[in-house]
Amino acid sequence: MLSSKEYEEIFPALKRKINGHKLIYLDNAATTLRPKEVMDAVNEYSLNHHANVHRSTHTLAAEATKYYEDARSKVANFINSETEEVIFTKGATESLNLIAYSIADSNILRSDDEILISTIEHHANFVPWQQIAKIFNLKIKYYPAKSGIFDLSDFLKHITNKTRLVSITALSNVTGQLIPVNTLIKQIRNIRQDVIIVVDGAQAVPHLPIDVKKMDCDFIAFSGHKMLGPTGIGVLYGKRKYLNEMTPFLFGGEMIDKVSTDGTTFNVLPYKFEAGTPNVDGAVGLAKAIEILERIGMDNIQEHEKQLTSYALKKLKELDFLEIFGPQDETQQSIISFNIKGVHPHDVAHLLNDLTGIAIRSGHHCAQPLMKEFGTSATCRISFYVYNEEEDVDKLCDGLKKVWEWLK
Ligand code: PMP
């Protein structure tokens, strides 16, 4: 990992002062800071090579297409997939909606098939399945994660001979619990071969090495802005055999083969799922972000965050005015949720920002079913990335003591 001075050069926002204090950014699960290199790459493309992709024959159009398709190859290489199995979307939310709608519409799921999801999911991996079940008359089952902790063997008990699709996060956006998805997928496949497995990788892909072939998931969804890239670009990886069978989600230009008054046939993968002019700037930015992550090394990132998370858990546990949620052990990475007893999390977040320049998130984190398991409506959440260090945790703990003194 680099020194904090080196990270300040890469991420200009780290040099900012907030209310007279040096910014400490602990809201990485919401979105990560922007490296200058990513924005420079987007600018270089936009100012010198921008044109519409896959259409015109002129030089700029050919260059723009090459930038876009090179970005796709970069993503494919990053997750070890085939290039045509990478579909660019707006983000993880759109990717998950795409899978849910298209798979239900393509008759891969039949009316008494069961979809299994858990109560630890982000709304983006919860609501689309609920809605799709309603529209297409499918059954939806929920694995209740007791006390908000996902238990593998308990989860497996919910697989029945009707389960046809499981959608699960690889890392909880509230507790940072790392779900052992590789083992989970193997065990599901031992019970039933034909279960379709969707992984919400929004919090995992930015923070640990992901190999879709090793994992053997059928789909994985993630967002560029949570991994140093721009907003408005995301990825859906899907196995070719399913993508080929699925109905497109959006219709229009680019996604067609032939159009006539008799009907329309669709383009090959991945274009079949990319209707309209895509976000080329976003794809270029994401490719550069991946280059930076690969330079640091995904193994190093995971190791760094695991150490930092365990240090933070140890320090936070020393503060007896806190209630911490989640497993509170080594199964957690990069995210911790807690509350100051008797104080609303929004007040804590506001005061931390104003008194100490520390940015954290407060709220339900788009995970209301999980909040219910915790018996609360909201929590404070801290989340780390490459540029965070133990000193940030020490300052957070000092800040929390200040907030507690202020409010108690
Ligand atoms: N899933 C998880 C686990 C997330 O944390 C998020 C973002 N908070 C999403 C899905 C949705 O991502 P986006 O808002 O970028 O579409």
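When a ligand or atom number is given, it counts from 1 through the structure's own listing order. Numbers here simply count residues along the sequence, with the first being 1.
Less than 6.0 angstrom separates the ring centroid of Y385 from the ring centroid of H207. Centroid-to-centroid, the aromatic rings of H365 and H123 stay 6.0 Å apart or farther. Ring-centre distance between Y142 and H158: not below the 6.0 Å cut-off.
Summarising the contacts of atom 2 (C) of ligand 1 with D200, T231, I233, T89, the nearest heavy atom is found in D200. Remark: among candidates L171, V174, T93, T31, the nearest residue to atom 13 (P) of ligand 1 is T93, based on non-hydrogen atoms. Considering each of A221, C366, S223, A170, the one bringing a non-hydrogen atom nearest atom 12 (O) of ligand 1 is S223.
Ligand-side atoms of ligand 1 in range of H122: 1 (N), 2 (C), 3 (C), 4 (C), 5 (O), 6 (C), 7 (C), 8 (N), 9 (C), 10 (C), 11 (C), range being under 4.0 angstrom from any heavy atom. Within the listing of ligand 1, atoms 3 (C), 4 (C), 5 (O) sit less than 4.0 angstrom from a heavy atom of Q203. Here is the list of ligand 1 atoms found below 4.0 Å of a heavy atom in N173: 3 (C), 5 (O).
Residue contacts with ligand 1, taken as heavy atom pairs separated by less than 4.0 Å, involve K226 solely via side-chain atoms from C-beta onward. When non-hydrogen atoms are compared, ligand 1 lies under 4.0 Å from neither the backbone nor the side chain of K90. For A202, every heavy-atom contact with ligand 1 shorter than 4.0 Å involves the side chain, none the backbone.
Using a 3.5 Å distance cut-off with no hydrogens or angles, the side chains of Y311 and E389 do not pair a donor with an acceptor.
Ligand 1 lies less than 4.0 angstrom from a heavy atom belonging to H225.
Between E69 and R72 there is a salt bridge, with a side-chain nitrogen of the basic residue lying less than 4.0 Å from a carboxylate oxygen of the acidic one. A salt bridge links D216 with R189: the closest approach of a Lys/Arg side-chain nitrogen to an acidic carboxylate oxygen falls below 4.0 angstrom.
In terms of modelled atom types and a separation under 3.5 Å, the side chain of T31 and the main chain of H225 share a donor-acceptor contact.
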